Amino acid sequence: MALRVVQWATGGVGVAAIRAVLDHPDLELAGCWVHSPDKAGKDVGDLIGADSLGVTATNSVEQILALDADAVIYAPLLPIPDEVAALLRSGKNVVTPVGWIYPSPRQAAPLIEAALAGNVTLHGTGIAPGGISEKFPLLLSAMSTAVTYVRAEEFSDLRTYDAPEVLRHVMGFGDTPDKALSGPMQKLLDGGFMQAVKMIVDTVGFDADPQIRSRQQIAVATAPIESPLGVIEPGQVAARKFHWEAVVGDEVVVRVTVNWLMGEQNLDPAWTFGPEGQRYEIEVKGNPDFTVSLKGFQSEVGAAEETGIVATAAHCVNSVPAVCAAPPGIATYLDLPLLSAKAAPRLARTDV
């Protein structure tokens, strides 16, 4: 019997998640929560540009809480812990890209209480896309010994990110350097990426300072740059870097970095992605040292969809069966079995 799944929020990740649920042989779309009153009451198929699905979107939290469903893919722009706790208490497992990757005991306590009350599980997959900053570095580290350094780094052209309000008002692009550096982005990113660093530190066993340090850098335009939020003028922020590091003494042992550029032209400093272009890069130093580049999770400018968003959604959807089968509480990547995708419907076995 298929697991009944609710999609919470229909931004880029949410729409991609709905499509992924429809393609998954073990899942069934049971409901959909939307923030906008304009979307409420519409068939979910209309919201994703597909035929009618017979599932009506609602902006009523109470309707979602009362719905008979096994799991919720919780994908708003920002998490609200009380919402997640209510979903858990209603007896629904929650998979989310926006929090609880590897929470501290203080962060975890109220959600564990809610999960135990509902006899269900919460799992955070993370963004950028899920797993790149902690799950996959740990997986690859198994091919080395006596590890001294682990790095996960993103190199992305944000001209493909068609979310102008988020780019300007949350991420600080097109703003002055002072406003961008004092804006909300560092704090918003700290929660997830610090948890990713801490998971690597604890699992590899580094004797690192418990205080994970963070820093950020900006580059400004030296000439007008076309972007999803309009023209970025000279002197305005056109690229950002964020770093999170764990140290043993004076030695950096884990570093996670994101490089977000509005292209590689007309920047000061003159940052580039290097000859390999857009990618995610994972490096482990030990015996042996190695570096792995992952491509395909960043779209080219002008592409119809942002593949990193699709991958983030896919990781959530493919996690649902394992999360529903997990013991109640919070399950991190360290608690779940190996996950995989499912075959495209036209190539799938029909005798099982």
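The shown structure was predicted, so the numbers you read here are calculated from the model rather than taken from an experiment.
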Inset, instruction - Could you go through the side chain to side chain contact (heavy atoms under 4.5 Å, CB included) check for Asn259 and Trp271 one step at a time? - result: CA-CA 9 Å; Asn259 301 270; Trp271 294 340; over 6 Å; no

Legend entry - Under 3.5 Å donor-acceptor, Glu264 side chain and Thr272 backbone: no

Legend entry - The single option from Thr291, Val252, Ile282 passing side-chain contact (heavy atoms from CB on, under 4.5 Å) against Arg151: Thr291

Inset, instruction - Answer with yes or no whether the hydrophobic clustering places Val147 together with Trp244; edges join I, L, V, M, F, W, Y residues whose side-chain heavy atoms lie under 4.5 Å apart. - result: yes

Legend entry - Rounded distance [0.5 Å steps], OG in Ser293 versus CZ in Arg279: 5.5 Å

Legend entry - Rounded distance (nearest 0.5 Å) linking atom OG of Ser319 with atom CG of Asn93: 12.0 Å

Legend entry - Passing candidate, side-chain contact (heavy atoms from CB on, under 4.5 Å) with Gln278, options Glu154, Lys295, Gln298: Gln298

Inset, instruction - Return yes if some donor-acceptor pair links the side-chain N/O of Asp335 with the main-chain N/O of Thr332 below 3.5 Å, else return no. - result: yes

Inset, instruction - Would you name the heavy atoms of Trp100 and Thr96 that are closest together and state the gap between them? - result: CE3-CG2, 3.9 Å

Inset, instruction - Compare every heavy atom of Val95 with every heavy atom of Cys316, then report the nearest pair and how far apart it is. - result: O-CG1, 3.6 Å

Inset, instruction - Identify the two heavy atoms, one from Ser133 and one from Ala152, that lie closest to each other, and give their separation to 0.1 Å. - result: CA-CB, 3.9 Å

Inset, instruction - Nearest 0.5 Å please: distance from the OH atom of Tyr102 over to the OH atom of Tyr333. - result: 14.5 Å

Legend entry - Polar side-chain atom of Tyr74 near backbone of Ile80 as donor-acceptor pair, under 3.5 Å: yes

Legend entry - Side-chain donor/acceptor of Ser144 to backbone N/O of Pro288, under 3.5 Å: yes

Inset, instruction - May I ask you to test the Lys92-Val120 pair for a side-chain heavy-atom distance under 4.5 Å? - result: no

Legend entry - Closest contact, heavy atoms only, His123 versus Ala331: ND1-O, 2.8 Å

Inset, instruction - Taking Asn119 for its side chain and Leu116 for its backbone only, find out whether a donor-acceptor pair lies under 3.5 Å. - result: no

Inset, instruction - Answer with yes or no whether the hydrophobic clustering places Val72 together with Ile330; edges join I, L, V, M, F, W, Y residues whose side-chain heavy atoms lie under 4.5 Å apart. - result: yes

Legend entry - Heavy-atom side-chain contact between Pro79 and Val84 under 4.5 Å: no

Legend entry - Donor-acceptor contact present, side-chain Arg255 to main-chain Tyr149, <3.5 Å: no

Inset, instruction - Indicate yes or no: at least one non-hydrogen side-chain atom of Asp70 is less than 4.5 angstrom from one of Val5. - result: no

Inset, instruction - State the CG-OG1 distance between Asp289 and Thr148, to the nearest 0.5 angstrom. - result: 6.5 Å

Legend entry - Polar side-chain atom of Glu251 near backbone of Val248 as donor-acceptor pair, under 3.5 Å: no

Inset, instruction - Measure from the side-chain N and O atoms of Ser299 to the backbone N and O of Thr307, and report whether any donor-acceptor pair falls under 3.5 Å. - result: yes

Legend entry - CD (Gln217) with more than 12 external heavy atoms under 6.0 Å: yes

Legend entry - Within one Ile-Leu-Val-Met-Phe-Trp-Tyr cluster: Leu77 and Leu229, side-chain cutoff 4.5 Å: yes

Legend entry - N/O donor-acceptor pair under 3.5 Å between Thr58 side chain and Trp33 backbone: no

Inset, instruction - Report yes if some heavy atom in the side chain of Asn59 is under 4.5 Å from a heavy atom in the side chain of Lys39; otherwise report no. - result: no

Inset, instruction - Take Ile309 and Tyr161 through the test side chain to side chain contact (heavy atoms under 4.5 Å, CB included) and record every step on the way to the result. - result: CA-CA 9 Å; Ile309 288 175; Tyr161 188 40; 4.1 Å; yes

Legend entry - Side-chain donor/acceptor of Glu62 to backbone N/O of Ile64, under 3.5 Å: no

Inset, instruction - Kindly indicate whether the side chain of Gln216, heavy atoms from C-beta on, has any atom under 4.5 Å from the side chain of Leu189. - result: no

Inset, instruction - Report whether Ile200 and Leu294 are members of the same hydrophobic cluster (ILVMFWY, side-chain heavy atoms less than 4.5 Å apart, transitive linking). - result: yes

Inset, instruction - Would you indicate whether the side-chain heavy atoms of Met262 and Arg240 approach each other to under 4.5 Å? - result: no

Inset, instruction - Kindly indicate, with the supporting measurements, whether the criterion side chain to side chain contact (heavy atoms under 4.5 Å, CB included) is fulfilled by Cys32 and Thr10. - result: CA-CA 8 Å; Cys32 179; Thr10 54; 3.4 Å; yes

Legend entry - Exercise: do Ser52 and Asp43 side chains pair donor with acceptor under 3.5 Å: yes

Legend entry - Enclosure of His35 NE2 (heavy-atom neighbours >12, cutoff 6.0 Å): no

Inset, instruction - Starting at OG of Ser227, measure out to CD of Gln236 and round the result to the nearest 0.5 Å. - result: 9.0 Å

Inset, instruction - Answer yes or no: is there a side-chain heavy-atom contact under 4.5 Å between Pro224 and Glu233? - result: yes

Legend entry - Residue pair Gln265 / Ile225: nearest heavy atoms and the distance that separates them: O-CD1, 3.7 Å

Legend entry - Shared hydrophobic cluster, Val310 / Tyr280 (ILVMFWY, side-chain heavy atoms < 4.5 Å): no

Inset, instruction - Carefully, step by step, assess Leu336 and Val323 under the rule side chain to side chain contact (heavy atoms under 4.5 Å, CB included). - result: CA-CA 7 Å; Leu336 296 180; Val323 173; 4.0 Å; yes

Inset, instruction - Answer yes or no: are there more than 12 heavy-atom neighbours, outside Glu300 itself, under 6.0 Å from its atom CD? - result: no

Inset, instruction - Could you tell me whether Arg215 and Glu245 make a salt bridge, using a distance below 4.0 angstrom between a side-chain N and a carboxylate O? - result: yes

Legend entry - Aromatic ring pairing His315/Phe136, orientation class (parallel under 30°, perpendicular over 60°, tilted between): tilted

Legend entry - Gap between atom CD1 of Ile112 and atom CG of Leu122 - 0.5 Å precision: 9.0 Å

Legend entry - Minimal non-hydrogen separation, Leu138 against Val204, with atom names: CD2-CG2, 3.8 Å

Legend entry - Test item: Ile101 and Phe193 side chains (from C-beta on) under 4.5 Å apart, heavy atoms: no

